[in-house]
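I have placed the structure first, in the form of structure tokens, so that the comments after it can refer back to it.
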Amino acid sequence: MVEIITPPQPAPLRLRIWGDLVLRKKAKPVAAITAEIRQLAAEMVETMYTHHGVGLAAPQIGRSLRLIIIDTRIGRDLLPPDPSPGDILLAPRMPLPLVNPEVIRASKALETCSEGCLSVTKVYADVTRPAAVVLRATTLEGETFEVECDGLLGRCVQHEIDHLDGILFPDRLSREELRKVETELAGLEKTVKRRRPRPT
Ligand code: ZN
């Protein structure tokens with residue numbers, strides 16, 4: 001008799017918030033694309049959509065692994081008006097889980113844009129980053145690709161890969177921008193510390 005194992009329905013996971021130490025760890029590479037990794041990716045997609053994000057990295061749900069999800073499609077139009085090669089290649093596959101993603105080249109040209117993060121609740125600030133990057137990553141089907149990304153996709157990819165290195169967007173703010181959000185960040189940190197179990 002063949003036993004049919006149905007994977008559990010993906011359910012959203014608890015988000016880790018600014019001040020949680022798992023967000024500061026350097027995440028480990030994914031060694032193999034297993035059923036467990038696929039299930040985790042499905043749960044991360046659910047979590048990202050529940051919180052209306054355009055990207056999510058595994059440390060944000062407490063797993064220190066180099067796995068991210070991206071969905072930068074806006075509304076019903078799949079592509080932005082001036083799509084990069086990355087938009088053309090990746091948008092049709094979104095929501096897209098990416099394994100061991102890395103930025104292998106970055107443009108000298110910089111761009112400043114408002115950013116937020118599901119782990120830095122309700123804080124938004126202007127972050128300066130390279131305007132375009134070349135992303136190398138592997139899909140859950142085991143296909144490794146390299147593609148140039150700019151605009152929202154390029155920014156999202158850089159933001160999510162930062163998470164894998166323990167970097168959060170407030171770390172990249174100018175002193176002036178950081179000053180504007182300092183009080184909110186301290187508030188988030190206090191909430192997380194209060195939630196941490198006390199040693200018995
Ligand atoms: Zn984030």
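Everything numeric in this text was worked out from a predicted model, so none of it was measured. Both counts, for ligands and for their atoms, begin at 1 and track the order of listing.
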| field | Spatial distance of atom CG (Asp20) from atom CG (Leu188) [nearest 0.5 Å] | value | 12.0 Å
| task | Return yes when atom CZ of Arg105 has more than 12 non-hydrogen atoms of other residues, nucleotides or ligands closer than 6.0 Å, and no otherwise. | result | no
| query | Any ring-ring contact (aromatic ring centres under 6.0 Å, His included) pairs touching residues 139-165, not counting sequence neighbours? | reply | His159-His163
| query | Linking I/L/V/M/F/W/Y whenever any side-chain heavy atoms sit under 4.5 Å apart, do Val134 and Leu153 land together? | reply | no
| What is the total of protein N/O/S atoms that are closer to the Zn ion (ligand 1) than 2.8 Å? | 3
| Could you give the distance from CD1 (Ile37) to CG (Leu65), rounded to the nearest 0.5 Å? | 5.0 Å
| request: Working to the nearest 0.5 Å, report the span between CD1 of Ile69 and CD of Gln60. | output: 10.5 Å
